[in-house]
Every structure is written in C-alpha cells, then in structure tokens.
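Predicted model only: the values in this text are computed from it and were never measured.
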Amino acid sequence: MIEVKHISKDFVSAKKYPGFKGAVKGLFSNEKVVKHAVEDISFSIPDGEIVGYIGSNGAGKSTTIKMMTGILKPTGGECLVNGINPSKKRKENAQNIGVVFGQRTQLWWDLPLSESFSILKEIYNVSDEDYQEQMKFLNRVLELEKFFHSPVRTLSLGQRMRADLGAALLHNPKVLYLDEPTIGLDLVVKDNIRDAIREINRKYHTTVILTTHDIEDIEELCSRIIIIDEGKKIYDGSLENLKEEYGTMRTVTMEVKSVEKLQKLDPEKEFGTTPEQCRLELDRENNVCQVTFDKHQIQVPQILSCIMELTEVKDVQIQETELAEIVKAIYRHGNGEESKC
C-alpha cells in the first residue's frame, strides 16, 4: 500500500546573525542554512497493517507524514501510496487517504459538526447511500450523535478528536494517517479512540500509520514500529523483536525470610558477571531482594537457586524491561549498541 524509497527532505533558510549589526548584515548576505529534516528513509507497508512511526521531538515524523500525504514534496527519493505519487497527484491521492493531526482540525469552527460533515461529503463526492452507511458505523464506534448538531467550537477536546477521526474516515480511505491522535485526552476517551481504530482496521482493512509519544498507543494498536532519530531510520520491526534486541535487562524481585543472609552475596563472583550485567539490591525493612540482570548472561533459575540456598523465598516477581524505557534509551543514544536497557 505504501512504498517509501530513499526519501529526503531539506529545508533551506537564510543564515541569521546575532545583534543589530547581525540583522543589518543579514539583509545583504546570501548565506543559507540547510536543515536535513529527513535523510534517506526507506520502508514499505502492506495493505491493512497498523504501523507505529515514532521518534523524539524534531526527529522528522511529521515531515515524513506530510510527504506521504502530498503536503510536502521530497527533496530526493520517491513515495508511492497505492501506486500514486502524492506530490504529483495530490487530488487523486486525497481520495485514498484520511489524516488526523492532533494539533489541528479540518472542521469548520463555527459550524455545527453535521454541517462540516455535509461539506466534506460533497468535497469527497460521497454518495447519499454510502454517507448514510458510513455515518451509522461512525456513530456506533465514535458516538458522534451525542454532539453531532453542536458547533465545533463548543466541543470538548475528546469530542473534537472523535469528530476529526470521523471526518477523516467519512470517505472510507484506504490509508489513515494519525499524528498524535490521543494527545491531551483522558484515559476513557483514549480507550474509545483505540477501540475505534481497531474496529476500522478490522472492518475495512484500512492501513494505519500512527505517530505518537504515548507508548500505550503503540503497545495497544501496533504490531510493527518504525523508529527514526534526527531524520534517519534506526529501527524497523516488531515490538517483540525490539524488546528482545534492546530490552536485555530483567528484574527479579523476591520476598525472602532473611535479607541479612544475603549481605555477603557477590553477583560478580557467583555468576561471573560485571556490575552492568547484574546488580543486587536489598531492602532490609521489607525483607525484599531485587536482582537486575542481563537475560543473555544469566537465567532466572540460576538466580533463584543461588538465593534459595541462602534463605527461604516467600514470593517471586519477574519483570521485563518496559517498552517505554527501551524507547527512551533509543531516543537518548540514537543507535542500537548503546541504547540497550
């Protein structure tokens, strides 16, 4: 459905100089500054897949989305959406896509929501029969009928996001771009929107590209994620592979009978590890022993066997590295070697 081939996007601006003299100098200077927003990114997305497209602020996510929607023209490379070049055939491409930008709305501020939908119906040439059928579906999954005749300016943030999502889906697009669709929403509304996205994908086999800083959105909706940093792709694969490749650390928390008997335990000598590969923490007040370790160096049974030889273990909890921590580490370092956690 989507084929991105080595696309790049540069923004060129006049060089700025500090102070009053710098401002005067800038009037007569031809020096330019080139900002590489996206550099040589390639990926393909099949029909019906939900993909998380994530990165830190300024990484180039929205710029890539704008190139895929035809808003921006790539400096280099090529992008095809359902066989169409978005920047060359913008109207034809617009018939196949729906877009929701969390910070912007495509609805008319002072008109009732129903009027906005009627205008969009005419813009996209949706027939009366298809419009009625689609509205039944949207009312069911997004509950639009509760505020359908209210002016858009009177809607709450959650209601407006549901309305924007409904507007993007009115013409039943083959591809749906969601740029921060749950920003600022409460937990209940977030769950409702996630459920709606899943239902839309299931019923219509809609391809969904999701950019978000909410890791729960990624875990709930996406089977695959693409991570970019400073305009470059640094990961493309499944959540499971991401956790396996970068989430190497596990934590075993044990409630024990006597923490004092573990005070002389040296993980380096016992397991032949370095301090980075295994560390021991003791909570004497609650009789809790916590071992954080590299799962590629030690196995859980080894740790349990060692602890149980020294004291009785009453309870055990095993925790994998959370996806949020893995992604934050990747954002900080921008590569796979240093960002393992």
Side-chain angles (χ1 to χ4, degrees), residues 1-45 51-106 164 168 175-181 183 207 209-213 225-236 327-328 330-336 338-339:
M1 181 58 69
I2 299 175
E3 189 73 28
V4 173
K5 304 175 183 177
H6 305 287
I7 61 168
S8 300
K9 182 62 182 178
D10 298 336
F11 294 99
V12 181
S13 59
K15 186 174 181 179
K16 303 293 184 182
Y17 300 92
F20 177 73
K21 291 183 179 180
V24 175
K25 180 181 178 180
L27 294 174
F28 303 96
S29 173
N30 291 323
E31 289 189 72
K32 303 293 182 182
V33 176
V34 179
K35 166 66 175 176
H36 302 293
V38 175
E39 296 186 58
D40 194 27
I41 288 181
S42 299
F43 57 82
S44 60
I45 299 174
V51 177
Y53 193 64
I54 65 176
S56 56
N57 290 329
K61 305 184 300 298
S62 295
T63 301
T64 310
I65 294 294
K66 288 175 182 177
M67 286 190 284
M68 289 192 287
T69 58
I71 296 173
L72 294 177
K73 184 178 181 179
T75 305
E78 184 183 34
C79 175
L80 297 176
V81 179
N82 197 28
I84 299 169
N85 188 317
S87 61
K88 293 181 179 179
K89 298 181 179 180
R90 294 184 63 181
K91 289 185 178 180
E92 189 177 347
N93 179 65
Q95 290 288 342
N96 289 326
I97 67 171
V99 186
V100 175
F101 289 108
Q103 305 284 6
R104 300 175 180 87
T105 181
Q106 62 176 316
D164 267 313
V175 180
L176 178 63
Y177 300 102
L178 302 175
D179 191 2
E180 297 284 357
I183 187 170
T207 303
I209 315 298
L210 172 67
T211 74
T212 180
H213 290 299
I225 60 173
I226 300 172
I227 303 177
I228 66 170
D229 184 68
E230 296 183 351
K232 299 177 182 179
K233 184 177 74 173
I234 59 176
Y235 180 81
D236 183 355
V327 172
K328 280 192 288 186
I330 292 175
Y331 286 179
R332 283 195 295 267
H333 299 286
N335 64 67
E338 299 179 2
S339 60

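In this structure the side chain of Thr63 reaches within 4.5 angstrom of the side chain of Leu72, judged on heavy atoms. Taking 4.5 Å as the limit, every side-chain heavy atom of Ile228 sits out of range of all side-chain heavy atoms of Ile234. Between Ile45 and Ile209, some side-chain heavy-atom pair lies under the 4.5 Å cut-off. Taking the side chain as every heavy atom from C-beta outward, Met67 and Val38 approach each other to under 4.5 Å. In this structure, the side chains of Asp10 and Lys35 stay at 4.5 Å or more apart for every pair of heavy atoms. Contact annotation: the side chain of Tyr177 never approaches that of Val100 to less than 4.5 Å [non-hydrogen atoms, C-beta and beyond].
For Asp179, there are no salt bridge (Lys or Arg N to Asp or Glu O under 4.0 Å) partners at least two apart in sequence or on another chain. With sequence neighbours excluded, the residues satisfying side-chain contact (heavy atoms from CB on, under 4.5 Å) with Asn93 are Val81, Ile84, Pro86, Ile97. For the side chain to side chain donor-acceptor pair (under 3.5 Å) test, residues two or more places apart in sequence or in another chain that qualify with Thr105 are Asp164. Annotation: side chain to side chain donor-acceptor pair (under 3.5 Å) contacts of Ser44 (sequence neighbours excluded): none. Ser87 is linked by a side chain to side chain donor-acceptor pair (under 3.5 Å) to Asn85, counting only residues two or more places apart in sequence or in another chain.
Ring centroids of Tyr53 and Phe43 are separated by less than 6.0 Å, placing the two rings close together.
Lys233 places a side-chain N or O within 3.5 Å of a backbone atom of Ser42 that can act as its donor or acceptor partner. Using modelled atom types, one side-chain atom of Lys61 and one backbone atom of Gly55 make a donor-acceptor pair closer than 3.5 Å.
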- Task: Could you please spell out the steps behind the side chain to side chain contact (heavy atoms under 4.5 Å, CB included) verdict for Ile41 and His6?
- Result: CA-CA 5 Å; Ile41 288 181; His6 305 287; over 6 Å; no
- Can you check side chain to side chain contact (heavy atoms under 4.5 Å, CB included) on Val34 and Phe11, steps first, answer last? CA-CA 6 Å; Val34 179; Phe11 294 99; over 6 Å; no
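Atom NZ of Lys9 sits about 14.0 Å away from atom CD of Glu39, to the nearest 0.5 Å. Rounding to the nearest 0.5 Å gives a distance of 4.5 Å between CD1 of Ile54 and CD1 of Ile227. To the nearest 0.5 angstrom, Ile2 atom CD1 is 10.5 Å from Leu80 atom CG. Separation of atoms CZ (Phe101) and CD (Gln106) is listed at 10.0 Å; rounding is to 0.5 Å.
A side-chain hydrogen bond (donor to acceptor under 3.5 Å, both in side chains) check over residues 69-82, counting only residues at least two apart or in different chains, returns nothing.
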